[in-house]
Amino acid sequence: MSFGVRRMKIFVDTADLDEIRELASWGIIDGVTTNPTLVAKSGRSFKEVIDEIFDIVDGPISLEAMSEIAEDMVKEAKDIVSTIPEKHRKNITIKIPMTPEGLKAVKVLNKQGIQTNVTLIFSANQALLAAKAGATFVSPFIGRLDDIGQEGMEIIEEIMDIFTNYDIDTQVIVASIRHPIHVIQAARLGAHIATIPPGIIRKMVKHSLTDVGIERFLKDWKKIKK
Ligand code: G3P
């Protein structure tokens, strides 16, 4: 299906390989975001998990760099790149935390053609700085803002306004999504990407009236003389 020139992408926010395989088979997954918490939850080794994700999804796959100093982040990113088979390298995206050291690393990695996803963004100012440094993606965590009583989606609106004003080509990944309404709001604001946990994608596909409708059709189909 085509969305025209502008196309909202859906990434799945998980390291659960069965879920990634199933949802990819629905034809709706454009990329994957992982973090150490998600990989730990999968119960498999980091290497095992990432090798398989790259085989399943042909789109940006975000992997977190855990160093805190720019130089180390750059080294870690390059080490990650070297472990991924050549054919998948175009999809590697290194998650870099939103800190001054992170910005320095983004600047270097951008020059070296390595995609970055600046993560743990909680304000439009942080997104603006990450974009200026050369981030491929920025990830504002809206659910965690909601958790502390701040309307997370407001910063998505601000970021989209700012990026549109200046034709900034950094893409906005709406992250820390907690329910299907977040996805609708992100889409209405024109966010480039929503990264969504599998459980929420499963809620998005369901509607009780769809189930009732199927049940009724099946019942009536049985009454028809074939
Ligand atoms: O993509 C970011 C996400 O993994 C964080 O989500 O629910 O831990 O705030 P959450």
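Computed from a predicted model, the values in this text were never measured in an experiment.
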A.B. asks: I'd like to know whether CD of Glu68 has more than 12 heavy-atom contacts from other residues, nucleotides or ligands below 6.0 angstrom.
C.D. replies: no

A.B. asks: Do other residues, nucleotides or ligands put more than 12 heavy atoms under 6.0 Å from Gln112 CD?
C.D. replies: yes

A.B. asks: Rounded to the nearest 0.5 Å, what separates atom CD1 in Ile181 from atom NE2 in His179?
C.D. replies: 6.0 Å

A.B. asks: How long is the straight-line distance from CG of Leu23 back to OG1 of Thr14, given to the nearest 0.5 Å?
C.D. replies: 8.5 Å

A.B. asks: Search all heavy atoms of Met8 against all heavy atoms of Ala187 and return the closest pair with its distance.
C.D. replies: SD-CB, 3.5 Å

A.B. asks: Which pair of non-hydrogen atoms, one from Ser123 and one from Ile159, has the smallest distance, and what is that distance?
C.D. replies: O-CD1, 4.5 Å

A.B. asks: Is any side-chain heavy atom of Met73 closer than 4.5 Å to one of Ile96?
C.D. replies: yes

A.B. asks: Can you check whether Val32 reaches Ser62 side chain to side chain, under 4.5 Å on heavy atoms?
C.D. replies: no

A.B. asks: Is Ile184 reachable from Met160 through a run of hydrophobic residues whose side-chain heavy atoms are each under 4.5 Å from the next?
C.D. replies: no

A.B. asks: In Å, rounded to the nearest 0.5 Å, how long is the span from OG of Ser139 to CG of Leu120?
C.D. replies: 9.0 Å

A.B. asks: Can you confirm whether Trp221 is buried at CH2, in the sense that more than 12 heavy atoms of other residues, nucleotides or ligands lie under 6.0 Å from that atom?
C.D. replies: no

A.B. asks: Please tell me whether Thr195 and Thr33 have a donor and an acceptor in their side chains that are separated by less than 3.5 angstrom.
C.D. replies: yes

A.B. asks: So does Lys75 pair up with Asp72, basic N to acidic O under 4.0 Å?
C.D. replies: no

A.B. asks: Using a distance-only test with no angle check, is there a side-chain donor-acceptor pair under 3.5 angstrom linking His88 and Asp55?
C.D. replies: yes

A.B. asks: Which atoms form the tightest heavy-atom contact between Leu38 and Thr34, and what is the distance?
C.D. replies: CD1-CA, 4.1 Å

A.B. asks: Going by atom types only, do Ser42 and Asp16 share a side-chain donor-acceptor pair under 3.5 Å?
C.D. replies: no

A.B. asks: Looking at every heavy atom in both Phe163 and Thr170, which two are closest together, and how far apart are they?
C.D. replies: CD2-O, 3.4 Å

A.B. asks: Ignoring hydrogens and geometry beyond distance, is a side-chain donor-acceptor pair present between Ser67 and Glu76 at under 3.5 Å?
C.D. replies: yes

A.B. asks: Looking only at heavy atoms, what is the nearest atom pair of Ile200 and Ile177, with distance?
C.D. replies: CD1-O, 3.3 Å

A.B. asks: Please determine whether side-chain contact (heavy atoms from CB on, under 4.5 Å) holds for the pair Ile92 and Ile94, giving the CA-CA distance in whole Å, both sets of side-chain angles, and the decisive distance to 0.1 Å.
C.D. replies: CA-CA 7 Å; Ile92 303 171; Ile94 306 295; 3.7 Å; yes

A.B. asks: A quick test of your reading: do over 12 heavy atoms of other residues, nucleotides or ligands sit less than 6.0 Å from CZ of Arg89?
C.D. replies: yes

A.B. asks: Does the side chain of Leu17 come within less than 4.5 Å of Ile53's, by heavy atoms?
C.D. replies: yes

A.B. asks: Checking salt bridge (Lys or Arg N to Asp or Glu O under 4.0 Å) for the pair Lys223/Asp220: CA distance, chi angles, key distance, verdict?
C.D. replies: CA-CA 5 Å; Lys223 292 184 197 153; Asp220 290 341; 3.0 Å; yes

A.B. asks: Working to the nearest 0.5 angstrom, can you tell me the gap between Ile142 CD1 and Met153 CE?
C.D. replies: 3.0 Å

A.B. asks: Roughly how far, to the nearest 0.5 Å, is CG of Asn165 from CG of Leu128?
C.D. replies: 10.5 Å

A.B. asks: With clusters defined by side-chain heavy atoms of hydrophobic residues (ILVMFWY) lying less than 4.5 Å apart, directly or transitively, does Ile84 cluster with Val39?
C.D. replies: yes

A.B. asks: Under a single-linkage definition using a 4.5 Å side-chain heavy-atom cutoff for Ile, Leu, Val, Met, Phe, Trp and Tyr, are Leu103 and Ile168 assigned to the same hydrophobic cluster?
C.D. replies: yes

A.B. asks: Just wondering, do Arg144 and Arg178 contact through their side chains at under 4.5 Å, heavy atoms?
C.D. replies: yes

A.B. asks: So do Val138 and Gln171 actually touch side chain to side chain, heavy atoms under 4.5 Å?
C.D. replies: no

A.B. asks: When you group the ILVMFWY residues by side-chain heavy-atom contacts below 4.5 Å and let the links chain together, are Val183 and Val205 in the same group?
C.D. replies: yes

A.B. asks: Would you say the side-chain atoms of Asn91 pair up with the backbone N or O of Ile61, donor to acceptor, closer than 3.5 Å?
C.D. replies: no

A.B. asks: Do other residues, nucleotides or ligands put more than 12 heavy atoms under 6.0 Å from Lys206 NZ?
C.D. replies: no

A.B. asks: What I'd like to find out is whether the side chain of Ile28 reaches to under 4.5 Å of the side chain of Ile201, using heavy atoms alone.
C.D. replies: yes

A.B. asks: Would you indicate whether the side-chain heavy atoms of Glu22 and Arg202 approach each other to under 4.5 Å?
C.D. replies: yes

A.B. asks: Crowded around Asp169 CG? As in, over 12 foreign heavy atoms under 6.0 Å?
C.D. replies: no

A.B. asks: Between the main-chain N or O of Phe122 and the side-chain N or O of Gln126, is there a donor-acceptor pair closer than 3.5 Å?
C.D. replies: yes

A.B. asks: Please answer: with hydrophobic residues joined when any side-chain heavy atoms are less than 4.5 Å apart, are Tyr166 and Phe137 in the same cluster?
C.D. replies: no

A.B. asks: Just wondering, more than 12 heavy atoms not from Glu71 lying within 6.0 Å of its CD?
C.D. replies: no

A.B. asks: Taking it one step at a time, do Glu64 and Met66 satisfy side-chain contact (heavy atoms from CB on, under 4.5 Å)?
C.D. replies: CA-CA 6 Å; Glu64 194 117 11; Met66 294 309 299; 3.6 Å; yes

A.B. asks: Check the pair Phe54 / Leu63 against side-chain contact (heavy atoms from CB on, under 4.5 Å), numbers first and verdict last.
C.D. replies: CA-CA 11 Å; Phe54 278 92; Leu63 309 168; 4.0 Å; yes

A.B. asks: What are the two closest non-hydrogen atoms of Lys90 and Lys87, and how far apart are they?
C.D. replies: NZ-O, 4.2 Å

A.B. asks: With no hydrogens and no angle check, is any side-chain donor or acceptor of Glu101 less than 3.5 Å from a backbone partner on Ala70?
C.D. replies: yes

A.B. asks: Between the main-chain N or O of Val106 and the side-chain N or O of Lys111, is there a donor-acceptor pair closer than 3.5 Å?
C.D. replies: no

A.B. asks: Any chance you could lay out the side-chain contact (heavy atoms from CB on, under 4.5 Å) test for Ile173 and Phe11, step after step, and finish with the verdict?
C.D. replies: CA-CA 9 Å; Ile173 304 180; Phe11 290 0; 3.9 Å; yes

A.B. asks: Could you check if a side-chain atom of Val57 sits within less than 4.5 angstrom of a side-chain atom of Ile20, using non-hydrogen atoms only?
C.D. replies: yes

A.B. asks: Would you please say whether a donor-acceptor pair under 3.5 Å links the side chains of Thr136 and Gln115?
C.D. replies: no

A.B. asks: Mind checking the CG-NZ spacing from Leu109 to Lys104? Nearest 0.5 Å is all I need.
C.D. replies: 13.5 Å

